[in-house]
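Below, chains carry the letters A, B, ... as their sequence lines are ordered, and counting in each starts from 1.
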Amino acid sequence: MNSKSVALPFRTTLLNWYETHQRNLPWRQTRDPYAIWLSEIILQQTRVEQGQGYYHRFITTFPDVQTLAAAPLQEVLKCWQGLGYYSRARNLHATAKALVNDHQGRFPETYEGLLTLKGVGSYTAAAIASIAYRQPHAVLDGNVFRVLARLFLIDTPIHSTAGKKQFAALADTLLDPHHPDTYNQAIMDFGALQCVPSKPDCARCPMKERCLAHNRDAVALVPVRKAETAKRVRYFYYFVCRQGNDLFLRERTGKDVWQHLWEFPLVETEQPCTLESLLSSPEVMAWLGDSFTLHTPVSLKHTLSHQLIHALFIPVDIVATTLPGFTRVSPSAMETTPVSRLIDLYLSKL
DNA sequence: TTCCAGCACC
DNA sequence: GGTGCTGGAA
């Protein structure tokens, strides 16, 4: 295959399509690296429709890198609550502080410099370099993998070492070096709107004549991904200790999900267990004290990328006014306390 | 109810 | 290579 001979007609067709189909997104109205960086971090693993509301809240609350750096992490996490992959918010905050403290609040102006930022990998570095600085770096996100795998009928697994090399080389050949910003946004929009993951409308596709997957009836077969590993199953028993309208929570620490988010007293097991056995454990007895009132437990199932959590929320009115190791949180203080989607969902059902 | 899409770090 | 989330489509 001679990639160069297909690059020009591909770019032309793509840019023609983009002129009439491009999405109007708020972060496309700027070349401010801060705004572009913020939008790209939010959009990692996140759909544009969901990301827009968060982007608006962030850019309003933290209009520049100085404001973000000066904010407490808890405020950033609260703004991020519900978006998932909370390390993105922690890295966002850490990077803002590093930029302000060590680089006068200015962003690196090269791809390699951008790569040194926490939370910025090859995709995000290429996106910022091309969109904010118009440097010729091809982005390779899920959309681009899909478009290229279909057009050139590539069945190399996209995340294998060989696949990454092959797709990166191809993407670099196709990139329009004079308009890397427009080109990159065009191919991502093309993947998001036209060359969609399932049942794309190939009859209306401007690329169909030269799409190998379409011509060979193999659109559904590519891109190829590696089989994913089995999910870990965990059982969470949350004791929702209540003192009047107040609740007791603590911050999650350690190398696990939901770092720095807050939660109720928790017993975790690998196997399901009975409420009776939990109530006889010394830890739980210490939380509940001698006199308490149990209420009907609420069961929720929560799926994470590599885990399945069976959660049981057990509301208990307790007599004690303090719980060692926990913070007593009033309903109004809950408004500023970041919690996981799981706990948010439980609270919303009350 | 299940499946699936979407990057970075350790 | 394993791990971190959520919401919308199927």
Step by step, would you call A/Leu212 with A/Arg150 a side-chain contact (heavy atoms from CB on, under 4.5 Å)? CA-CA 7 Å; A/Leu212 293 184; A/Arg150 286 176 177 166; over 6 Å; no

Whole Å only: how far is the CD atom of A/Gln81 from the P atom of C/dC5? 13 Å

With a 4.0 Å cut-off on heavy atoms, is A/Ser305 in touch with a base, just the backbone sugar-phosphate, or nothing at all? base

Using whole Å, report how far CD of A/Gln50 lies from C1' of C/dA9. 15 Å

Given the side-chain rings of A/Phe145 and A/Phe167, with only the six-membered ring counted for Trp, is the space between their centroids under 6.0 Å? yes

Quick check on C/dA10: is either OP1 or OP2 less than 4.0 Å from any side-chain nitrogen or oxygen of A/Ser198? yes

Contact span of DNA chain B against chain A, any nucleotide atom under 4.0 Å from a heavy atom, 5' to 3', runs B/dT2 to B/dC9

Please work out which of the three classes, parallel, tilted or perpendicular, describes the rings of A/His21 and A/Trp17, given edges at 30° and 60°. parallel

By nearest nucleotide on DNA chain C, pick out whichever of A/Ala230 and A/Arg341 is the more 5' one. A/Ala230

Determine whether the aromatic ring centres of A/Trp80 and A/Phe58 lie less than 6.0 Å apart. yes

Can you measure A/Gln45 atom CD to C/dC5 atom P for me and round it to whole angstrom units? 12 Å

Round to the nearest Å and state the distance from A/Arg234 atom CZ to C/dC5 atom C1'. 13 Å

5' precedence on DNA chain B between A/Ala192 and A/Lys301 (nearest-nucleotide basis): A/Lys301

Test: A/Lys349 and A/Asp344 ion pair at under 4.0 Å: no

Sugar-phosphate, base or nothing in reach of A/Arg90, heavy atoms under 4.0 Å: nothing

Rounding to a whole Å, what distance do you find between A/Leu261:CG and C/dG4:P? 13 Å

Let me know the distance between CH2 of A/Trp80 and C1' of C/dG7, rounded to the nearest Å. 16 Å

State whether A/Arg252 and A/Asp256 are salt-bridged, where the test is any N-O pair (Lys NZ or Arg NE/NH1/NH2 against Asp/Glu carboxylate O) under 4.0 Å. yes

Under a 4.0 Å threshold between the charged nitrogen and the carboxylate oxygen, would A/Arg234 count as salt-bridged to A/Glu268? yes

Could you label the plane-to-plane angle of the A/Tyr238 and A/Phe264 rings as parallel, tilted or perpendicular, counting under 30° as parallel and over 60° as perpendicular? perpendicular

Protein-nucleotide distance (A/Arg252, atom CZ; C/dT3, atom P), rounded to Å: 15 Å

Within less than 4.0 Å of OP1 or OP2 of C/dC5, is there a side-chain N or O belonging to A/Gln307? no

Closest nucleotide of DNA chain B for A/His306 versus for A/Thr303: which of these residues is on the 5' side? A/Thr303

Whole angstrom is fine here: how far is it from CG in A/Asp344 over to C1' in C/dT6? 12 Å

So A/Arg47, base contact, sugar-phosphate only, or nothing? Heavy-atom distance under 4.0 Å. base

Return no unless some side-chain N or O of A/His302 is found under 4.0 Å from OP1 or OP2 of C/dT6. yes

Report the residue (A/His159 or A/Tyr85) whose heavy-atom-nearest nucleotide on DNA chain C is the more 5′ of the two. A/His159

